[in-house]
Chemist: 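To start, I am sharing the structure in question, which I have written as structure tokens.
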Number of protein chains: 2
Amino acid sequence: MGRTQAFDRDTAVRAARAVFWQSGYEDASVPDLERATGLSRSSIYNAFGSKRGLFDEAVQSYLDEVVRPRLRPLEGAQVEPGAIIGYLDGLREALAGAGSAPAANGCLLINAAGAPIAHDAEVARVIAAYRDELRAAVGRGIGAHLPAAPEAERDRLADAVTGLVVAAFALVRIAPEEASRGLLTARGLIDSFRPQAR
Amino acid sequence: MGRTQAFDRDTAVRAARAVFWQSGYEDASVPDLERATGLSRSSIYNAFGSKRGLFDEAVQSYLDEVVRPRLRPLEGAQVEPGAIIGYLDGLREALAGAGSAPAANGCLLINAAGAPIAHDAEVARVIAAYRDELRAAVGRGIGAHLPAAPEAERDRLADAVTGLVVAAFALVRIAPEEASRGLLTARGLIDSFRPQAR
DNA sequence: TATATAGTGGACCGGTCGTTACAGAATATC
DNA sequence: GATATTCTGTAACGACCGGTCCACTATATA
């Protein structure tokens, strides 16, 4: 019995996700979240317990609907040779999106990681796991792209590319040109290995 | 006539610099700055006008006494061949300093750049200029280290190394291992060019 | 000694923060 | 229709923020 929940929980989380994505955790105020979700203060605390609770759900939503789809071409046993290049180009496109696209705000996790919230052990754990997932995917992409290259060189290359990708995300909002430059550099590094490998 | 200023301005700025370095601009509260400098609220506003005024002086002090000394071996017409390696190793050492050393907090400017203060045009300008200075220094270091390498490859290498260095600074506090890993990768990239160049 | 400046401590301002509480209206099941 | 649950307002809480103001003390020069 009793009234059923009127709003769609996922929709509300997605709206909150956009706010956290753009503003980081600390700078996203509760009134901001009210406005974005269309919910009242009371409803938010009723449904999610706290601002932090809402943030945690937003992070999960971000991983499921934003991060993992983008890494999908680099998952699985047989990765396309061009997938790693496509991934880098896709990233550059998304990050360079003229401010309108949500991805132009970089990475929700890294943005949120700027402030004290990053000292939170749980958040740090999620970020570390995210990075390892990325490194593995890049490694597979490099492997498929340069099958003839020596393993040591492939590892070094994958390390550099992963570093540059993380750097790009960390820097989009501080120095967008630097971020794009880093992704271009990563592409250039891969290309410079290509002739020798053939 | 009148009483002479009792405290040493530079000492106070250095103390404030440490606070901004560790906490960023927004998270450094005025009480924090009182405690660190040993000055009263009134004296701070008397001497520096505002929190922002104190921050600006701290940034200049940081550039003069921290950044530029470290880049000095990469300045001038004749740079030592090993200088770029020494620079990367020195950075890694400083960033890995067991939490006690101030440099373990990364870069004052990048830390401060996380929050709304980075939207400030002046701060953005300082950061961009800082980055260009770094890129030029790394370029000279690479040139001295690999004089025989083709210019295009040297440029690509210098871009990658600069990107990884900036990334390291941006990431020390979020993911210290990633930062150290990035600097090691930069070293490895340089070494991998060495044999061909000889 | 008179006076101008440097310093302290504390009260206070308006504002924002996350969170809690509560009254009342809307909507579901029994 | 009774009742349980979900909503929306709105007010208030205690804490912190940067900044201002003022009365007071200390120390220098003229």
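Order of the sequence lines fixes the chain letters, A, B, ..., with proteins taken first and strands second; residue numbering starts at 1 for each chain. Side chains included, hydrogens not; waters and symmetry mates left out as well; all remaining heavy atoms used. Here the structure is a predicted model, which is why all the values come from computation and not from measurement.
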Chemist: Any donor-acceptor pair under 3.5 Å linking the side chain of B/W21 with the backbone of B/A16?
Modeler: no
Chemist: Using only atom types and a distance under 3.5 Å, with no angle test, would you say the side chain of B/S23 pairs donor to acceptor with the backbone of B/F20?
Modeler: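 No; zero donor-acceptor contacts below 3.5 Å.
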Chemist: Counting the atoms with a prime plus P, OP1 and OP2 as sugar-phosphate, which does A/A47 contact under 4.0 Å by heavy atoms, base, sugar-phosphate, or nothing?
Modeler: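 Nothing, no heavy atom under 4.0 Å.
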Chemist: All N/O contacts under 3.5 Å from nucleotides 22-30 of chain C to the protein, with atom names and distances to one decimal?
Modeler:
unit_1: C/dA26; atom_1: N3; unit_2: A/R3; atom_2: NH1; d: 3.1

Chemist: Rounding to an integer number of Å, can you tell me how far B/D32 CG sits from D/dC16 P?
Modeler: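 Rounding to the nearest Å, CG of B/D32 and P of D/dC16 are 12 Å apart.
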Chemist: Between atom CG in A/L54 and atom P in C/dT19, what is the gap in whole Å?
Modeler: 11 Å
Chemist: Would you please test A/E80 and A/H145 for side chain to side chain contact (heavy atoms under 4.5 Å, CB included) and show each step?
Modeler: CA-CA 8 Å; A/E80 295 287 326; A/H145 194 71; over 6 Å; no
Chemist: Looking only at the side chain of B/R41 (C-beta and beyond, no hydrogens), which of the listed nucleotides C/dT19, C/dG9, D/dG19 gets closest?
Modeler: D/dG19
Chemist: Please give me every residue in residues 10-17 of chain A whose heavy atoms get under 4.0 Å of an atom in DNA chain D, ordered by residue number.
Modeler: none
Chemist: Can a salt bridge be assigned to the pair B/E65 and B/R17 using a cut-off of 4.0 Å between side-chain N and carboxylate O?
Modeler: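 Yes, this pair counts.
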Chemist: Within this structure, what is the CG-CZ distance for the pair A/L39 and A/R9, rounded to the nearest 0.5 Å?
Modeler: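 Here the interatomic distance stands at 10.5 Å.
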Chemist: Would you please say whether a donor-acceptor pair under 3.5 Å links the side chains of B/D64 and B/S61?
Modeler: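 Checked: B/D64/B/S61 side chains show no N/O donor-acceptor pair below 3.5 Å.
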Chemist: So, B/D132 and B/R135, do they make that salt bridge, N to O below 4.0 Å?
Modeler: no
Chemist: Between C1' on C/dC17 and CZ on A/R52, what's the gap in Å once rounded to a whole number?
Modeler: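 That distance rounds to 17 Å.
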Chemist: Just how far is it from atom CG of B/L157 to atom CD1 of B/I142, taken to the nearest 0.5 Å?
Modeler: 4.0 Å
Chemist: Separation of B/I44 atom CD1 from D/dT20 atom C1', in whole Å?
Modeler: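 Computing the B/I44:CD1 to D/dT20:C1' distance gives 14 Å.
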Chemist: In whole Å, I'd like the distance from the CD atom of A/E26 to the P atom of C/dC17.
Modeler: 12 Å
Chemist: Applying side chain to side chain donor-acceptor pair (under 3.5 Å), run through A/T162 and A/D159 and close with a yes or a no.
Modeler: CA-CA 5 Å; A/T162 303; A/D159 281 339; 5.6 Å; no
Chemist: Among D/dG19, C/dG9, C/dG18, find the nucleotide with the atom closest to the side chain of B/S40.
Modeler: C/dG9
Chemist: Tell me: CZ of B/F7 to P of D/dA26, nearest whole Å?
Modeler: 19 Å
Chemist: Closer than 4.0 Å, any side-chain N/O of A/S29 to the OP1 or OP2 of C/dT16?
Modeler: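 Answer no for this pair, as no side-chain N or O of A/S29 is under 4.0 Å from OP1 or OP2.
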Chemist: Parallel under 30°, tilted from 30 to 60°, perpendicular over 60°: which one fits the rings of A/Y25 and A/F55?
Modeler: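 Geometry flag for A/F55 against A/Y25: perpendicular rings.
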Chemist: Is the shortest side-chain N to carboxylate O distance from B/R68 to B/E133 below 4.0 Å?
Modeler: yes
Chemist: If you measure from the Lys or Arg side-chain nitrogens to the Asp or Glu carboxylate oxygens, is any gap between A/D89 and A/R92 under 4.0 Å?
Modeler: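 Yes, this pair counts.
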Chemist: Given D/dT5, is OP1 or OP2 found less than 4.0 Å from the side-chain N or O atoms of A/Q5?
Modeler: no
Chemist: In this structure, how many angstroms lie between the C1' atom of D/dG9 and the CZ atom of A/R35, rounded?
Modeler: 16 Å
Chemist: Quick check for you: among C/dT19, C/dG7, D/dG18, whose closest atom lies nearest to any side-chain atom of B/S43?
Modeler: C/dG7
Chemist: Mind calculating the distance between OH (B/Y45) and P (C/dG7) to the nearest angstrom?
Modeler: 17 Å
Chemist: When you get a sec, tell me which of D/dC7, D/dG19, C/dG7 is the closest nucleotide to the side chain of B/S50?
Modeler: D/dG19
Chemist: Taking five pairs at each end of the helix from C/dT1-D/dA30 to C/dC30-D/dG1, what angle separates the two helix axes (nearest 10°)?
Modeler: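 It works out to 0° between the end axes.
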